[in-house]
There are 2 protein chains.
Amino acid sequence: MATMADVARRAGVSVSTVSYALSGTRPISLTTRRRIEQAMLDLEYTPNAFARGLKSKRSHIISLLLPARPGSPQPSSLEYILGAADHAQRCGYHLMLWTADVEAVDDLTQFAGQGLVDGALLMEVRPEDPRIQVLVDAGVPFTMIGRNADPAGLDFVDADAEQTAEAAVEHLLGLGHRRLGFVGGPSVRNPVQNAILQAVKRADAGMNVDLVQVEAECSTEGGRNAFAWLLHSSPKITAIIVANEQAVSGLIRASADFGRRIPDDLSMMCLDMPAHVAELITPPMTTAGPSAAEIGRAAVDMLLRRLDGDVAPARQLLFRGELNLRGSCAPVRDADHQTASDR
Amino acid sequence: MATMADVARRAGVSVSTVSYALSGTRPISLTTRRRIEQAMLDLEYTPNAFARGLKSKRSHIISLLLPARPGSPQPSSLEYILGAADHAQRCGYHLMLWTADVEAVDDLTQFAGQGLVDGALLMEVRPEDPRIQVLVDAGVPFTMIGRNADPAGLDFVDADAEQTAEAAVEHLLGLGHRRLGFVGGPSVRNPVQNAILQAVKRADAGMNVDLVQVEAECSTEGGRNAFAWLLHSSPKITAIIVANEQAVSGLIRASADFGRRIPDDLSMMCLDMPAHVAELITPPMTTAGPSAAEIGRAAVDMLLRRLDGDVAPARQLLFRGELNLRGSCAPVRDADHQTASDR
DNA sequence: CCGGACCGTCGATTCGATTCGACTATTTCA
DNA sequence: TGAAATAGTCGAATCGAATCGACGGTCCGG
């Protein structure tokens, strides 16, 4: 309510002096500073965000671009959001949510053009993501959480898909599994899918590993279908790696329907699933992947550095995915090696 | 980038004319309007949010106050957030996240004083919630999602705890259960807990229903402890109603440890758990409660109405909780009536 | 045919903070 | 001792849009 002019009047100085006292841009004598501070306290003065933003071209607001149809939420999104929001706040920034679809280019253009936000965090980045060009054109600095097909020259934070895939594959091979399945999401050219393939190839030193990959829709039904397909293409399958949170329920349900007990008959592991969700599953789901909250925080850090004038070449940060062993993976049973096709 | 002055120059009119053309506040001739629109297109003009906010005292930003320690997120929060964000956006508003703790009164005071937001949505409202006074003092209109101890005169949207409790209790009694348990959260004076108690009392027409209530911490461990306590105080218990998402994993785990199969030996039902989470559990969890996304939307609606100058007395909206029957509740077995104490 | 009601437009002021140039008083150094 | 640097403060311009009062022109009714 109170304005700078009010404070100035009460402290018996000019408006500019108050401003300098607040920002520290120019030296102010101790006595004057004290009077001003007292006046600010008395009047409960809070600088007006708009006036400040108008003149200084800095809003201290960053936005989180999260294309999300409400109704089919990914639980892990929440971790990113909270991780980012919390950290941004600690750094003196506000976090604004932008949920419009990836394709809503015009809306985004307008949003970016308003000058409301200092920068943006991009989530659910697609290989060819139209939002990137919009932000570049509008001159809004941004950091991606995930990455597009050609991220050269762009800042991003992402899970280390190669390393995570390797850890996951290694674990299952170590348990004796040789016939693996992979369930991905519907996104084109999922980097994780590729990473798994590579990891299997690399590890496959005469082990004769079999890998079947399938893309599932993000729903229980999608998971069911994926499971049926997997079993159809590789009846002797003993372990499944899932990179699609929303399909897990269907996979579990279907595996029960097909009479495959987890982990006795079938091991299952999910990538990038939050711990509290994994704990809910019976048996508790073994997972692999970095902490979403931490990635969110790192993305904020990276963005804020740019806002502070960092002109270094594009920074790209990968997060190691830890393996969280719970109860959904078990050593392969010997019987499976011989006769696993007759169920 | 382009300003109103640029547009005015290009269209050969004055700044004020452009402004009137944009807002429609005063009549503008068709030919002039067209020239202006063309100029705006040519220059890709977007009104500056700060200048607009400074002059008009309206930011078209609302904030969502969601005290959340990242690390222990409630999956249902995400539904509220996305429901609210999406709807706000549709209504031409931006949604800003504020994650500071309920007790961080000073931070909130400053935030509210900045004039950045037109209004606020309050989540995780406590019986005695200091944020309420802060917002009232700052003159920031707000709507609560949930309610405090004395919500008279305040706008809120909430689940209809009485009705939901009644539906839940009725369902279990209908299945023959007479020894019930209730697991609540750590919040003081949880209205749901009370509602359950009342519902049991009301329904108890000589049925001789037994109800044991316990508060659990929001964690797997909390759920485990609650289960042990429940079993200790009421060994013959056959059904549990849970109003604490984060304790469910512990309850499930403990019930397995104690050899109680769900739903054969023990029925379990969770209030206000999102469908996609309930589907993950084995067996799929029966739930009761309204749609979080819908509540989020309704809260936005209510708030925006106030921002549009609605001066009606406080609006208070309760949402019916639908029962979603999945697989975690079953008819009580007759044996339980006679000898359920000897496990 | 003249006065008032409207229409369409413009100039000037305002919102509240930032910042540049200028000015005074004091200090520093050659 | 005089020139230059420094500390401390002020006034005024500025950011970009909203809005009020005013003004010339058109139209209508009496």
Practice item. Please list, by residue number, the residues of residues 42-57 of chain B whose heavy atoms come closer than 4.0 Å to an atom of DNA chain C; answer none if no residue qualifies. Key: B:L54, B:K55, B:K57
Exercise for review: Give me the residues of residues 12-30 of chain A where at least one heavy atom lies under 4.0 Å from an atom of DNA chain C, by number, or none.
Suggested key: A:S16, A:S19, A:Y20, A:R26
Check your understanding: Within the side chain of A:E44, is there an N or O that forms a donor-acceptor pair under 3.5 Å with the backbone of B:G113?
Key -> no
Check your understanding: When you measure from the side chain of A:H87 to the backbone N and O of A:D301, does any donor-acceptor pair fall under 3.5 Å?
Key -> no
**Study point:** Mutual orientation of the aromatic rings belonging to A:W98 and A:F111 [parallel < 30°, tilted 30-60°, perpendicular > 60°]
**Key:** parallel
Check your understanding: Counting heavy atoms not belonging to B:Q110, are there more than 12 under 6.0 Å from its CD?
Key -> no
Exercise for review: Quantify the bending of the helix from C:dC1-D:dG30 to C:dA30-D:dT1 as the angle between its end axes, each fitted on five pairs, to 10°.
Suggested key: 40°
Point to revise | Rounded distance (Å) that lies between atom P of D:dA17 and atom CD of A:Q114 | key: 11 Å
Check your understanding: Rounded to whole angstroms, how far apart are CG on B:D6 and C1' on D:dC15?
Key -> 13 Å
Point-to-point distance, once rounded to the nearest 0.5 Å, from [atom1] of [X] to [atom2] of [Y]:
X: A:H94; Y: B:T99; atom1: NE2; atom2: OG1; value: 11.0 Å
X: A:L22; Y: A:E37; atom1: CG; atom2: CD; value: 9.0 Å
X: B:I295; Y: B:L318; atom1: CD1; atom2: CG; value: 9.0 Å

Point to revise | B:M96 and its side-chain contact (heavy atoms from CB on, under 4.5 Å) partner, picked from B:L116, B:I62, B:L65 | key: B:L116
Check your understanding: What heavy-atom pair brings B:R315 and B:M302 nearest, and what distance separates the two atoms?
Key -> O-SD, 3.7 Å
Practice item. For A:V117 and A:S63, work out which heavy atoms get closest and say how close. Key: CG1-CB, 3.9 Å
Can you give me every donor-acceptor pair (side chain of residues 137-147 of chain A, partner residue at least two apart or in another chain, under 3.5 Å) with its distance?
from, atom 1, to, atom 2, distance (Å)
A:D137, OD1, A:Q133, NE2, 2.9
A:R147, NE, A:D158, OD2, 2.8

Exercise for review: For residues 103-123 of chain A, pull every pair meeting salt bridge (charged side-chain N to carboxylate O under 4.0 Å, His left out), keeping only residues two or more places apart or in separate chains.
Suggested key: A:R58-A:D118, A:E103-A:R126
Check your understanding: From the 5' end of DNA chain C to its 3' end, which nucleotides mark the outer limits of contact with chain A, defined by a 4.0 Å heavy-atom distance cut-off (strictly under)?
Key -> C:dG16 to C:dA22
Check your understanding: Hey, are A:R305 and A:D308 close enough for a salt bridge, meaning a charged N less than 4.0 Å from a carboxylate O?
Key -> no
